[in-house]
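A short worksheet on the structure shown next.
Just so it is clear: chains get the letters A, B, ... in the order the sequence lines come, proteins before strands, and each one is counted from 1. Only a predicted model underlies this, so the values are computations on that prediction, with no experimental measurement involved.
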Number of protein chains: 2
Amino acid sequence: MNSPIDFYFDFSSPYSYCASTRVDALGAELGRAVRWHPILLGPVFKQIGVVPLVDVPIKGRYALHDFARTAALFDIPYVHPQKFPVATIGAARAMLWIDAQHGAAKARDFAHAVFHAYFAAGQDISQPEVVLAAAQQAGLDAGAVAQGMQQDDIKAALKSGIEAATARGVFGAPFIFIDDEPFWGFDRFDYIRRWLQRRGPGAAA
Amino acid sequence: MNSPIDFYFDFSSPYSYCASTRVDALGAELGRAVRWHPILLGPVFKQIGVVPLVDVPIKGRYALHDFARTAALFDIPYVHPQKFPVATIGAARAMLWIDAQHGAAKARDFAHAVFHAYFAAGQDISQPEVVLAAAQQAGLDAGAVAQGMQQDDIKAALKSGIEAATARGVFGAPFIFIDDEPFWGFDRFDYIRRWLQRRGPGAAA
């Protein structure tokens with residue numbers, strides 16, 4: 001009875017994209033379901049008073065290099081987006097609606113399509129038509145998604161989801177909780193494995 | 001004829017400490033010498049306008065947790081220092097003097113003693129007597145080190161070393177260059193291996 005992995009991500013975060021291609025395999029390896037939680041880094045950064053990585057001098061240049069290099073090292077298709085970062089509120093809302101209406105598997109198909117559109121196919125996912133095309137790729141009706149993502153309860157759900165994430169300690173993305181243990185970054189995947197091994201099978205919650 | 005690995009670190013950086021315990025083994029594994037470069041994160045952060053990790057709300061709490069956890073996952077003795085971070089200018093200057101007078105191997109012995117004093121033995125390495133005790137542990141004469149670390153040329157060497165580091169793209173620690181490829185963080189050690197494998201042996205500089 002292992003508890004699920006909670007996976008927090010922003011659709012315009014390159015390391016979130018890398019994590020999105022591996023997190024379900026990690027879950028399978030560890031015998032755990034994965035719950036996907038779209039968040040928006042903008043409000044999170046504003047709350048804690050940090051600036052996006054790429055806006056820091058020197059560090060930003062390194063980050064751009066490391067995004068593409070990390071993807072290459074893990075065989076993940078990656079073309080750095082011309083417009084970066086972009087607003088992902090539409091994609092996040094659409095995902096929450098899809099999850100509520102069609103379940104987590106469909107929502108995940110949609111998320112993969114959005115990530116791929118942005119980081120591999122050179123599309124601007126801040127544009128509603130790109131979000132809706134991703135929904136169609138996941139087998140969903142674009143018109144229904146277009147309406148659903150505008151619903152007040154969906155807007156409220158995203159807002160409260162982000163608040164719950166920061167309350168839990170999320171300050172960046174990707175961010176993972178496994179048995180309430182926090183791990184920030186795609187580069188912590190191996191640490192998760194090590195951490196579980198150290199803790200021993202008897203301690204699995 | 002592999003070129004050496006350049007290893008930049010600050011004596012009060014926990015991830016630098018972790019890296020210091022593994023970087024020579026990494027060099028041996030990759031058939032490369034390792035050049036150790038003490039820097040000071042204070043002036044580096046000031047130059048690029050970032051605040052230390054532990055001063056960021058939420059993120060700081062996670063960082064403290066991740067320091068100790070990372071050390072534990074790699075079997076590195078770690079007791080988070082009561083006073084953190086501390087000024088490491090004395091230790092850095094002493095190391096440069098030891099390197100100049102007694103060579104890189106002695107300087108490295110000294111560096112290990114300083115890191116251990118701070119992150120395992122609960123000592124305040126901003127205090128000259130702690131720095132000198134580390135020098136003695138490395139088989140050096142404390143009086144000579146005390147004089148050497150005050151020399152103007154040593155002070156200038158540290159300053160220009162930090163300037164050269166930032167000019168090269170260093171914005172944090174640990175920071176590694178291997179064939180001019182930059183890697184930031186102890187968590188990039190595996191990426192270095194992957195990167196070299198991908199590049200293939202024929203491409204070794």
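In terms of heavy-atom proximity, A:Trp184 sits nearest to B:Tyr62 at N-OH, 2.8 Å. The heavy-atom pair separating B:Arg61 from A:Gly169 by the smallest distance is NH2-CA, 4.2 Å.
Between chain A and the residues B:Ile58, B:Val170, B:Ile48, B:Leu73, the largest count of heavy-atom pairs under 4.5 Å involves B:Leu73. Chosen from B:Val50, B:Thr166, B:Asp75, the residue pairing most often with chain A at heavy-atom distances under 4.5 Å is B:Asp75.
Heavy atoms closer than 4.5 Å to chain B are found in the side chain of A:Arg198, but not in its backbone.
Taking the side chain as every heavy atom from C-beta outward, B:Arg69 and A:Phe183 approach each other to under 4.5 Å. Between A:Asp187 and B:Tyr191 the shortest side-chain heavy-atom distance falls below 4.5 Å.
Counting heavy atoms of neighbouring residues, nucleotides and ligands inside a 6.0 Å radius, atom CD of B:Gln147 does not exceed 12 of them.
Relative to the six-membered ring of A:Phe74, B:Arg194 meets both conditions, a distance below 6.0 Å and an angle of at most 45° to the axis.
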